[in-house]
Number of protein chains: 2
Amino acid sequence: MSTISVRHGDSSAAILERLRADILAGRLVPGERLGEVALARRFEVSRGPVREALRLLADAGLVSFTPNVGARVRELSLADARVLYELREALEAEAARLAALRATPEEARDLGALLKQHAGEIAAHPVGAYFQSGGDADFHIVIARLSGNPLILRLLDSELYPQLSLLRRRHGRVQGRGREALIEHERIQEAIAAGDGELAGLLMRRHIRASWTSLAGELSQEEER
Amino acid sequence: MSTISVRHGDSSAAILERLRADILAGRLVPGERLGEVALARRFEVSRGPVREALRLLADAGLVSFTPNVGARVRELSLADARVLYELREALEAEAARLAALRATPEEARDLGALLKQHAGEIAAHPVGAYFQSGGDADFHIVIARLSGNPLILRLLDSELYPQLSLLRRRHGRVQGRGREALIEHERIQEAIAAGDGELAGLLMRRHIRASWTSLAGELSQEEER
DNA sequence: CTGACTGAAATTGTCGACAATCTTCCTCCC
DNA sequence: GGGAGGAAGATTGTCGACAATTTCAGTCAG
């Protein structure tokens with residue numbers, strides 16, 4: 001609760017951020033109704049800014065919107081997941097390719113250091129912790145940043161990843177493939193450090209595809225119940 | 001002018017469509033101010049729906065938006081063009097790859113027929129007409145559709161292509177490469193008909209890159225003046 | 001003449017109210 | 001008992017007005 005913003009003209013952005021956080025944290029569950037009046041009361045603001053935030057969230061894929069009916073937290077199907085992963089494959093492969101061409105030696109070293117840290121975390125924590133603790137996400141975001149393409153970064157960071165996060169939440173815990181993923185990450189980092197764009201792109205493509213295979217198996221298995 | 005919508009709840013969508021058309025047709029030029037009051041008066045509607053449409057256009061990249069200041073028709077720089085083409089390369093290559101895997105023989109034949117028709121138009125019209133008459137756009141949209149991925153289709157059709165269209169308008173006429181493009185299109189169609197996803201993706205990637213090389217040359221040349 | 005300041009005008013951000021539409025639930029007819 | 005019809009309540013879409021902010025013209029000091 002608590003009042004949302006002080007400066008004039010920021011309330012809609014603040015609400016958007018709050019709603020996004022609530023959805024991704026699971027405080028608002030998929031399918032849940034997002035009534036404008038209720039949200040307006042909750043954020044102590046009028047319906048105008050709330051409407052604006054909801055439209056933007058719908059555009060980002062976190063909210064489904066039906067004219068004259070209203071907004072709900074989006075429910076992602078298995079078909080949606082496939083579509084998302086196909087897009088992810090293309091975007092991340094391109095990001096890795098560009099990152100290899102553009103990353104400075106220092107940036108490549110930093111990426112390697114990040115993986116070293118992840119390796120330590122995997123050794124210390126029980127199986128599967130890597131993926132869930134955000135280590136996987138960190139790595140992919142850094143590469144998107146190194147691509148030097150702000151549009152690709154935006155698509156990944158504020159559209160695709162949030163939707164994937166919502167997907168995992170909806171379909172229960174997904175165990176991930178921590179150890180294998182880390183090894184693949186290391187190969188990708190090497191390709192980037194070597195400036196080999198084609199290889200980095202190829203490896204990233206395989207990495208995403210493997211991740212999809214693993215996820216699709218769990219999801220379809222779950223869908224049968 | 002004329003009244004915008006009849007049914008309750010559609011005015012913002014109608015305004016969005018009108019504005020998009022005006023921008024793409026050049027009736028609203030890049031950099032031009034888009035005041036909410038003026039637009040509201042023009043469309044005979046209040047500022048609410050206008051605001052909504054402007055926000056969505058900003059999200060689609062056709063309008064630049066500054067908080068507390070307002071919206072303008074977006075001015076795309078050479079750097080923006082590069083970023084757009086990098087994204088386009090990744091998206092269209094993936095679309096071509098998926099199209100090759102999923103298109104039915106009939107769909108592949110239809111695509112071939114479309115190219116036959118384009119060949120006729122090229123023979124009939126003066127140089128460069130292919131590109132500008134929309135033939136090029138047709139081909140790419142069909143492939144995006146054949147990809148079977150609605151998300152990729154949406155990104156291309158309602159985000160990337162409009163921005164590219166705006167870009168060409170801003171930087172004056174771009175002559176295109178009609179004849180070469182057609183030949184490349186034919187090769188891509190063959191790969192799709194053969195179900196060869198990797199080849200289709202590779203050829204499309206080259207096609208987009210060649211298009212970028214041509215465009216970048218003209219743009220940077222123009223930027224020097 | 002240049003630059004900072006001031007105040008007015010114009011513009012955006014927000015609000016509360018009304019109209020159109022959807023949803024729910026009750027009634028009535030078969 | 002089941003389904004069509006309809007009225008009441010709730011919700012979204014739209015509007016006009018007010019508050020906060022930016023912009024711009026004019027003034028004045030240096």
Side-chain angles (χ1 to χ4, degrees), chain A residues 1-20 22-23 28-75, chain B residues 1-20 22-23 28-75:
Chain A
M1 320 304 159
S2 80
T3 180
I4 273 286
S5 83
V6 184
R7 173 152 182 74
H8 189 69
D10 275 349
S11 68
S12 121
I15 292 170
L16 186 141
E17 213 39 59
R18 279 283 299 267
L19 281 178
R20 193 208 311 276
D22 283 352
I23 291 173
L28 295 171
V29 304
E32 185 167 347
R33 208 167 173 312
L34 297 172
E36 296 177 2
V37 184
L39 292 175
R41 220 177 358 239
R42 166 149 169 251
F43 292 129
E44 297 178 351
V45 84
S46 89
R47 278 176 51 217
V50 171
R51 273 179 75 83
E52 204 169 300
L54 286 177
R55 291 299 164 87
L56 293 179
L57 280 174
D59 209 82
L62 290 184
V63 156
S64 68
F65 187 84
T66 314
N68 286 316
V69 173
R72 293 176 174 279
V73 180
R74 182 148 172 223
E75 303 180 273
Chain B
M1 319 334 156
S2 79
T3 180
I4 274 287
S5 85
V6 185
R7 173 154 181 74
H8 190 68
D10 275 348
S11 68
S12 121
I15 292 170
L16 186 143
E17 213 38 60
R18 280 281 300 266
L19 281 177
R20 193 208 311 275
D22 283 352
I23 291 174
L28 295 171
V29 303
E32 186 167 346
R33 208 167 173 313
L34 297 172
E36 296 177 2
V37 184
L39 292 175
R41 221 179 355 242
R42 168 150 167 249
F43 292 129
E44 297 179 352
V45 84
S46 89
R47 277 176 51 217
V50 171
R51 273 179 77 82
E52 203 168 300
L54 286 177
R55 292 298 164 87
L56 293 179
L57 279 174
D59 209 81
L62 290 183
V63 157
S64 69
F65 187 83
T66 314
N68 286 315
V69 173
R72 292 177 174 279
V73 179
R74 180 145 174 227
E75 301 180 273

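Each chain gets a letter, A, B and so on, in the order its sequence line appears, and its residues count up from 1.
With C:dC15, D:dT12, D:dG16 as the candidates, the nucleotide lying closest to the side chain of A:S46 is C:dC15. For B:V37, whose side chain is taken as the heavy atoms from C-beta onward, the closest listed nucleotide among D:dT12, C:dT12, C:dT14 is C:dT12. Listed candidates were C:dT11, C:dT14, D:dT12. Nearest to the side chain of A:R47 is D:dT12. In this structure, the nucleotide among D:dC15, C:dC15, C:dG13 sitting nearest to the side chain of A:P49 is C:dC15.
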When you compare the protein's N or O atoms with those of nucleotides 7-10 of chain C, which come within less than 3.5 Å of each other, and at what distance?
none

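Here the P atom of nucleotide C:dT12 and the CD atom of B:E36 are 5 Å apart, to the nearest Å. Whole-Å rounding puts the B:R51 CZ to D:dG16 P distance at 16 Å. A:L39 has its CG atom 18 Å from the P atom of D:dA10, to the nearest Å. Taking atom CZ on A:R41 and atom C1' on D:dT11, their separation rounds to 12 Å, with Å as the unit. Atom CD1 in A:I15 sits about 8 Å away from atom P in C:dC15, given to the nearest Å. Going from atom CZ of A:R72 over to atom C1' of C:dC22 covers 12 Å, rounded to whole Å. The CG-P distance, from A:D10 to C:dT12, rounds to 16 Å in whole Å.
A:D59 meets the side-chain hydrogen bond (donor to acceptor under 3.5 Å, both in side chains) test with no other residue; sequence neighbours excluded. In this view, A:R72 and A:R33, A:S64 satisfy the side chain to side chain contact (heavy atoms under 4.5 Å, CB included) rule, not counting sequence neighbours. Residues that satisfy the side-chain hydrogen bond (donor to acceptor under 3.5 Å, both in side chains) test with B:E17, not counting sequence neighbours, are B:R20. In this view, A:E32 satisfies the side-chain hydrogen bond (donor to acceptor under 3.5 Å, both in side chains) rule with no residue, not counting sequence neighbours.
Dashed line: the shortest gap from a side-chain N or O of B:S12 to OP1 or OP2 of D:dT14 is not under 4.0 Å.
Note that the CG atom of A:L39 and the CG atom of A:L54 stand 6.0 Å from one another [nearest 0.5 Å]. To the nearest 0.5 Å, the span separating CG on B:N68 from CG on A:D10 amounts to 7.5 Å. Taking CG of A:L16 as the start and CG of A:L62 as the end, the distance is 9.0 Å to the nearest 0.5 Å. Separation of atoms CD1 (B:I15) and CG (B:L56) is listed at 11.0 Å; rounding is to 0.5 Å.
Non-hydrogen atoms lying under 4.0 Å from DNA chain C are contributed by A:N68, all within residues 59-68 of chain A.
In this structure, A:R47 contributes its side chain and A:E36 its backbone to no donor-acceptor pair below 3.5 Å.
Toward the 5′ end of DNA chain C lies the nearest nucleotide of B:V69, the other residue of the pair A:G48 and B:V69 mapping further downstream.
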